[in-house]
Structure formats: structure tokens, C-alpha cells
Amino acid sequence: MATALESAGAPARPLTALNEEELMFQSAVRQFAREQIAPHVRQMDEAGLFRKDLLAQFFELGLMSIEVPEEYGGQGGNFFQAVLAVEELAAVDPSAAVIVDVQNTLVLNALQRWGTDDQKRRYLPRLARDTVSAYALSESGSGSDAFALSTRAVEDGDSYLLTGRKLWITNAYEAGLFLVFANANPAAGYRGITCFMVERETPGFTVGKKEDKLGIRASSTCELILEGCRVPKENVLGQAGQGYKVAIETLNEGRIAIGAQMTGLAQGALDHAVCYARERKQFGKPIAEFQGIQFDLARMAASVEAARLLVYNAARLRDARLPFTAEAAIAKYFASEIAEQTASRAVEIFGGVGFTRDYPVEKLYRDAKIGRIYEGTTNMQLATIAKHLLS
Ligand SMILES: Cc1cc2nc3c(=O)[nH]c(=O)nc-3n(C[C@H](O)[C@H](O)[C@H](O)COP(=O)(O)OP(=O)(O)OC[C@H]3O[C@@H](n4cnc5c(N)ncnc54)[C@H](O)[C@@H]3O)c2cc1C
């Protein structure tokens, strides 16, 4: 992909114009989501469980290793492709989207940037083949104030002993590998935070209670319990005390993909609303013929397009190695706002049936709420945007 500098003098590439590879990838994920995931969405939402056979298909299709180099068994793609995948999956099932999001834009991203050659050799092929991963930063006492975490890491010979509890950990029910943030030097404050790669079978490590949630119910969210969990020093990701940098960098990027998740969700709600408005008749004609409905659909389409432009811009800036922190915050903030509004309006366009579980918009409305909460609440995004404005 051309960077802004390389393309100086050449016509600027429209943000939503995809190259051949991107188009093929997008269309493959769209087809997979519509044909293979869609038939199971309602059942998975009700059961609060993601199907294992679909997860296996994620691996087969390379959706769990988009940016991993081919030498490690991955797809050799870029961040923009991960964003496209999350967007397409979310239009059908935002739970499917967040599974792929955490694996690619948080865990693999951190491992590729901060991992040693040995760590990459040990973990990237497993993550590309069959191992789901999770990213464990939050605790009951530290959410927005993430670096106030109280999980401790104590040096013991050639290991660290980790003790504490993590909360709200996406993918934890299925994951085999966890990035766990713990403070190895509390006297140094956030500069003591260290990132550890913890395998599920490690003695002293347990996956606890699974949350019963409002939305994205098929995506697992669990507590983690660490009781003297022994992690070898060779499993420290980055340097001891640099965990805060690992967290900041990955979350800055991860939130672009949450913007993509919310954009896809809004597109899904809009598509359902357009179909229904064409079919549903009142006063002797399809409701799509009423200007009131047309203007609603038009406003929804304008919002989705604006969100997509913000998300694609942030993703392309990131791939071009240009500054993108404020753009990522704006994209996540805006996309989660419009996802909620668009899904809400879609429910209304469906009328009474929109309020039932028989139609998909009710679920998208519930799923939309998480966009304003995880990977930094809306207030945290606004704080980042304001900081850039005022600095
Ligand atoms: C379904 C789900 C999945 C999740 N997945 C993960 C995961 O995989 N890994 C992980 O580490 N975490 C995960 N989280 C945790 C998530 O990132 C936190 O819930 C989020 O960061 C908010 O933290 P909190 O819940 O403690 O809310 P709090 O930080 O207590 O915030 C409560 C309210 O106060 C506001 N607030 C707080 N501080 C300020 C301030 N300075 N200025 C203005 N307003 C403020 C917030 O915006 C919010 O409205 C997940 C959460 C959920 C619900």
C-alpha cells in the first residue's frame, strides 16, 4: 500500500477504494459470514456460546492470523485487512467480529511488535493453527484507570509468580494463550507493569466465572484467577516494566477495529431495515415509499458512510506508519455512537416485530451498546481527542 509520502504527486487514493487483494478478501469474509455464520447467530446468542466448528473455520480461512507472516503459517496480510474482516463479520454477528478482533489486533499485534524471535517461533504458528488468545488488562478496580491494576508479579529464580484477578476478559473461555498485565515493581507505579504470555494449563491459573451479558453474548467474557501462577522469564513480552507501552500501543490500534466492528454492525442494521421497508406494506404500499422512512434510511446510510471513512482513514494511517492516535479515538467514538443510533432506528423501522427476537435487529441493538464501553469508554476516547486538540 502506498504511504502518503510515496503517493505525493500521484492522485490520492479514495479511502473506500479497495485494491484487488482487499476486494477478494472482503468478499470471501462476507460470503463466509452470510453463508456459514448467519444461520447460527440466534442460537449462539441464546446459548451464550460460540460454536467450536465455526471457530475451526476461522482458523482454516486464516481469519485468526491475518497479519502473521506466512513463514509462521499466517496470511501475511496487513492491519487494514483485519479491519475489513472485523467489519464484515460484525454486519452478521458482532460476537464473531470481536473474537477475530482480539486475536489479531490485540494479541498478535503485540506479539509481533514486542516478541523475541524465540517467542514468535514458539507462539505464532500455534496461534495461526488452532489457538485462540485473550488480552487481560482490566480488573474489578481498574478499568478506565487501567494502569492502577493490582495483579502482582514477584520474581522467583528464572520465573515470576503472578497473583491477582482479571475481569471482563474476552475469548477467555476458549483461549489457550493469555497476555496478562501485572505489576512487577509497584514502587515504580505504571513503569512496573509487565506483560506476560500465560498458557492456560499453567499451574495457578484458572478461568473463572463467565459473564451473562446484554449483548455480544456468544463472545465469552470471563474472570481470570492467578494464584502464584509461575511464568518463566522467557515469557515476558517486551522488557519488564514496559507493559504499559505494550498496552497503550495495542489498544490505540485495537480501537480502530472496534470502530470497524461498530461500522459493520450499523451496516448490518441498515441492510435489514432497507429489506424490511421494501417488503412491509401499510396504507396499501411498501413503507419504503413513505418519505419519513426514506429519510431515516438516508440518514442511517450517511452515518455508516461517515463512520467507515473515519475507520478506514485511521487504519490506513496506521499501515502507512503515520500518526493515528487521535484519528483512532475519533473513529471508535463516532462509530459506536452511530451503531447505537442506527440499530435503534432499525428496530423502529421494523415496528413491533423489531422488538422481538424473531428478527435480527433486536440483537444488533443490544450488541451495539458494548461499543461505547470496551477498549476505552466513550469518555476515554473524548479525553484522547481533547488532549490532541489542546496540546
Ligand atoms: C463485554 C466486555 C468485554 C471486555 N473485554 C476485555 C478484554 O478482553 N480485556 C480487558 O482487559 N478488558 C476488557 N473489558 C473491560 C473494558 O475495557 C472496561 O469495562 C472498560 O475499559 C471500562 O472500565 P470499567 O468497566 O471499570 O468502567 P469505569 O472505568 O469504572 O467507568 C465507569 C464510567 O465512568 C467513566 N469514567 C471513568 N473515568 C473517567 C474520567 N477520567 N473522566 C470521565 N469519565 C470517566 C467511564 O467513561 C464510564 O462511563 C471488557 C468489558 C466488557 C463489558
Side-chain angles (χ1 to χ4, degrees), residues 45 48-50 86 90 93-110 132-151 162 164-175 177-183 193 195-198 200 207-226 237 243-244 246-255 257-259 261-262 265 329 332-333 336-337 339-340 363 366-387 390:
D45 179 61
L49 196 61
F50 205 81
V86 169
D93 185 13
S95 289
V98 76
I99 295 170
V100 167
D101 165 77
V102 169
Q103 176 96 354
N104 286 280
T105 72
L106 295 182
V107 178
L108 286 170
N109 200 355
V132 176
S133 59
Y135 183 92
L137 177 65
S138 302
E139 300 180 1
S140 62
S142 56
S144 300
D145 189 11
F147 295 157
L149 57 86
S150 65
T151 298
L162 271 54
R165 281 172 182 247
K166 295 287 172 185
L167 202 60
W168 312 119
I169 308 309
T170 299
N171 287 355
Y173 186 74
E174 299 85 2
L177 181 71
F178 298 76
L179 293 192
V180 176
F181 294 84
N183 200 319
I193 294 174
C195 180
F196 297 88
M197 293 184 290
V198 182
R200 189 182 189 101
V207 176
K209 178 179 164 252
K210 190 168 159 212
E211 304 296 338
D212 187 7
K213 308 194 298 292
L214 169 74
I216 56 162
R217 290 176 47 78
S219 151
S220 67
T221 313
C222 309
E223 185 185 20
L224 305 182
I225 302 153
L226 300 117
L237 185 62
Y244 73 97
V246 178
I248 289 171
E249 285 187 11
T250 43
L251 288 171
N252 278 344
E253 300 185 354
R255 66 180 51 122
I258 299 301
Q261 182 198 27
M262 291 296 121
L265 186 159
K332 196 230 177 211
Y333 155 71
S336 41
E337 292 276 308
E340 220 180 326
K363 174 183 176 294
R366 284 187 283 114
D367 288 350
K369 193 74 222 176
I370 193 59
R372 287 168 59 94
I373 298 173
Y374 62 12
E375 292 203 31
T377 64
T378 283
N379 279 2
M380 292 300 105
Q381 307 310 320
L382 293 173
T384 301
I385 299 163
K387 192 171 148 195
L390 300 170

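Just follow the structure's listing: the first ligand is 1, and inside any ligand the first atom is 1.
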Exercise. What atoms in ligand 1 come closer than 4.0 Å to a heavy atom of Trp168?
Worked result: 3 (C), 4 (C), 5 (N), 6 (C), 7 (C), 8 (O), 9 (N), 12 (N), 13 (C), 14 (N), 15 (C), 50 (C), 51 (C)
For this session: Heavy-atom distances under 4.0 Å are what count here, so tell me which part of Thr221 touches ligand 1: side chain, backbone, both or neither.
Result: side chain
Exercise. Going by atom types only, do Lys213 and Thr221 share a side-chain donor-acceptor pair under 3.5 Å?
Worked result: yes
Problem set entry | side-chain contact (heavy atoms from CB on, under 4.5 Å) between Ile193 and Phe147, intermediate numbers included | CA-CA 8 Å; Ile193 294 174; Phe147 295 157; 3.6 Å; yes
Exercise. Any protein heavy atom lying closer than 4.0 Å to atom 17 (O) of ligand 1?
Worked result: yes
Exercise. Can you find a heavy atom in the side chain of Tyr135 that is under 4.5 Å from one in the side chain of Thr250?
Worked result: yes
Problem set entry | Numbering as shown, the atoms of ligand 1 that approach Met380 to under 4.0 Å (heavy-atom distance) | 38 (N), 39 (C), 40 (C), 41 (N), 42 (N), 45 (C)
For this session: Check each atom of ligand 1 against the heavy atoms of Glu375 and keep those under 4.0 Å away; list them by number with element.
Result: 17 (O)
Exercise. Do ligand 1 and Tyr135 have nitrogen or oxygen atoms that lie under 3.5 Å from each other?
Worked result: yes
For this session: For ring-ring contact (aromatic ring centres under 6.0 Å, His included), just list the numbers for Phe50 and Tyr173, CA-CA rounded to whole Å, side-chain angles, deciding distance to a tenth of an Å, and then say yes or no.
Result: CA-CA 10 Å; Phe50 205 81; Tyr173 186 74; over 10 Å; no
Exercise. Would you call Asp212 and Arg217 a salt bridge, taking side-chain N to carboxylate O under 4.0 Å as the test?
Worked result: yes
For this session: Decide whether the shortest distance between a heavy atom of Ile373 and an atom of ligand 1 is less than 4.0 Å.
Result: yes
For this session: May I ask you to check whether Tyr374 and Gln261 show a side-chain donor-acceptor distance below 3.5 Å?
Result: yes
Seminar exercise, completed: Residue, atom and distance of the protein heavy atom nearest atom 12 (N) of ligand 1 read Ser138 OG, 2.7 Å
Exercise. Is the side chain of Thr377 donor-acceptor paired with the backbone N or O of Ile373 at a distance under 3.5 Å, no angle test?
Worked result: no
Exercise. Charged N to carboxylate O under 4.0 angstrom, Glu253 versus Arg255?
Worked result: no
Problem set entry | Lys166 and ligand 1 - part of the residue with a heavy-atom distance under 4.0 Å | neither
Exercise. Is Glu139 close to ligand 1, meaning an N/O of one under 3.5 Å from an N/O of the other?
Worked result: no
Problem set entry | Minimum-distance pair of heavy atoms, taken over all atoms of Ala339 and Met262 | CB-O, 3.5 Å
For this session: Mark up the atoms of ligand 1 that fall under 4.0 Å of a heavy atom belonging to Thr377, in ascending order.
Result: 22 (C), 46 (C), 47 (O)
Exercise. Nearest protein heavy-atom contact for atom 44 (N) of ligand 1: which residue, which atom, what distance?
Worked result: Asn379 ND2, 2.9 Å
Seminar exercise, completed: Short version for Ile370: what comes under 4.0 Å of ligand 1, heavy atoms counted, is side chain
Exercise. Is any heavy atom of the protein nearer than 4.0 Å to atom 49 (O) of ligand 1?
Worked result: no
For this session: May I ask you to check if ligand 1 and Lys213 share an N or O to N or O distance below 3.5 Å?
Result: no
Exercise. Can you find a heavy atom in the side chain of Ser150 that is under 4.5 Å from one in the side chain of Glu139?
Worked result: yes
Exercise. Are any non-hydrogen side-chain atoms of Lys166 and Glu223 less than 4.5 angstrom apart?
Worked result: no
Exercise. Is the shortest side-chain N to carboxylate O distance from Glu375 to Lys332 below 4.0 Å?
Worked result: no
Exercise. Between the candidates Gly254, Gly141, Gly143, which shows the shortest non-hydrogen contact distance to atom 26 (O) of ligand 1?
Worked result: Gly143
For this session: Going by heavy-atom distance to atom 27 (O) of ligand 1, choose the closest among Ser219, Ser144, Ala172.
Result: Ser144
Exercise. Got an N/O contact under 3.5 Å between Tyr374 and ligand 1?
Worked result: no
For this session: Please confirm whether Ile216 comes within less than 3.5 Å of ligand 1 when only nitrogen or oxygen atoms on both sides are compared.
Result: no
For this session: Kindly indicate whether the side chain of Phe196, heavy atoms from C-beta on, has any atom under 4.5 Å from the side chain of Leu237.
Result: no
Exercise. Side chain, backbone, both or neither: which part of Thr170 has a heavy atom under 4.0 Å from ligand 1?
Worked result: both
For this session: Output yes when a protein non-hydrogen atom is found under 4.0 Å of atom 33 (C) of ligand 1, and no otherwise.
Result: no
